[in-house]
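Everything numeric in this text was worked out from a predicted model, so none of it was measured. Numbers for residues simply follow the sequence, beginning at 1.
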Amino acid sequence: MEYRLDDLPQLGAQIAPMLRVGDVIGLSGDLGAGKTSLARAILMALGLVGEAPSPSFAIVQPYGPPEISLNLLHIDLYRIKNQAELAELGLEDALHDHVLLIEWPEILGADWGDMLHLRIDFFGDDGALAPARRLTVDVPPAWEGRWRLAI
């Protein structure tokens, strides 16, 4: 599915109520496409007050009650260089009691079959100050009954 993406906060507000423990959302796209901005919009919709730090250097940024309404790990895999580093993160174990919001999920290299994959791309260049964004969504079977967007 493809959507024209004009409002990341609105998208985050629509995704947040769909989340449940064990969900994995992969956020793909070029540098600067809006992955972290979308993650922040989801966190804000879950109740986060203030701006969420980018997990680029920490790699994993944890959140949970009372800060937000559920346990969530915001993960940025951009700096992960090998499978040993990836294994140290313990992502499989975190699935039992967290939502995983993963930037650069292609680095996982493994089949995370129930991952909702969101790809943000720029398209067109009509001289506007900010180019338009397109959201491409791969909805796995675990999300089919929940996935509804009105953007």
Practice item. Determine, step by step, whether Leu118 and Ile15 satisfy the side chain to side chain contact (heavy atoms under 4.5 Å, CB included) criterion, reporting the C-alpha distance in whole Å, the side-chain angles of both residues, the deciding distance to 0.1 Å, and the verdict. Key: CA-CA 11 Å; Leu118 307 177; Ile15 292 172; 3.8 Å; yes

Point to revise | Heavy-atom closest pair, residues Met18 and Gln14 | key: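 Taking every non-hydrogen atom into account, CE-O, 3.2 Å.
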
Enter the distance from [X]:[atom1] to [Y]:[atom2] here, rounded to the nearest 0.5 Å.
X: Tyr63; Y: Leu70; atom1: OH; atom2: CG; result: 13.0 Å
X: Arg146; Y: Leu116; atom1: CZ; atom2: CG; result: 8.5 Å
X: Leu72; Y: Leu100; atom1: CG; atom2: CG; result: 7.5 Å

Close side-chain approach of [X] to [Y], heavy-atom, < 4.5 Å:
X: Leu19; Y: Ile25; value: yes
X: Arg134; Y: Phe122; value: no
X: Leu73; Y: Leu101; value: no
X: Ile102; Y: Leu108; value: yes
X: Asp23; Y: Trp143; value: yes
X: His117; Y: Pro105; value: yes
X: Val137; Y: Trp147; value: yes

Check your understanding: Same cluster for Ile75 and Val21 if Ile/Leu/Val/Met/Phe/Trp/Tyr side chains link at under 4.5 Å?
Key ->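 Cluster IDs for Ile75 and Val21 differ.
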
Donor-acceptor pair, [X] side chain versus [Y] backbone, under 3.5 Å?
X: Arg148; Y: Gly145; result: yes
X: Arg133; Y: Ile120; result: no
X: Arg119; Y: Leu135; result: no

Please tabulate, for the side chains in residues 81-97, all donor-acceptor contacts under 3.5 angstrom to protein atoms that are two or more places apart in sequence or on a different chain.
from, atom 1, to, atom 2, distance (Å)
Asn82, OD1, Ala84, N, 3.0
Asn82, OD1, Glu85, N, 2.9
Glu85, OE1, Lys81, N, 2.6

If you look only at distance, which donor and acceptor atoms sit under 3.5 Å apart when one is on a side chain in residues 30-56 and the other is two or more places apart or in another chain?
from, atom 1, to, atom 2, distance (Å)
Lys35, NZ, Gly29, O, 3.0
Lys35, NZ, Asp30, O, 2.9
Thr36, OG1, Glu103, OE1, 2.9
Thr36, OG1, Glu103, OE2, 2.9
Arg40, NE, Ala52, O, 2.7
Arg40, NH1, Glu51, OE2, 3.0
Arg40, NH2, Ala52, O, 3.1
Ser54, OG, Ser56, N, 3.3
Ser54, OG, Ser56, OG, 2.9
Ser56, OG, Asp76, OD2, 3.1

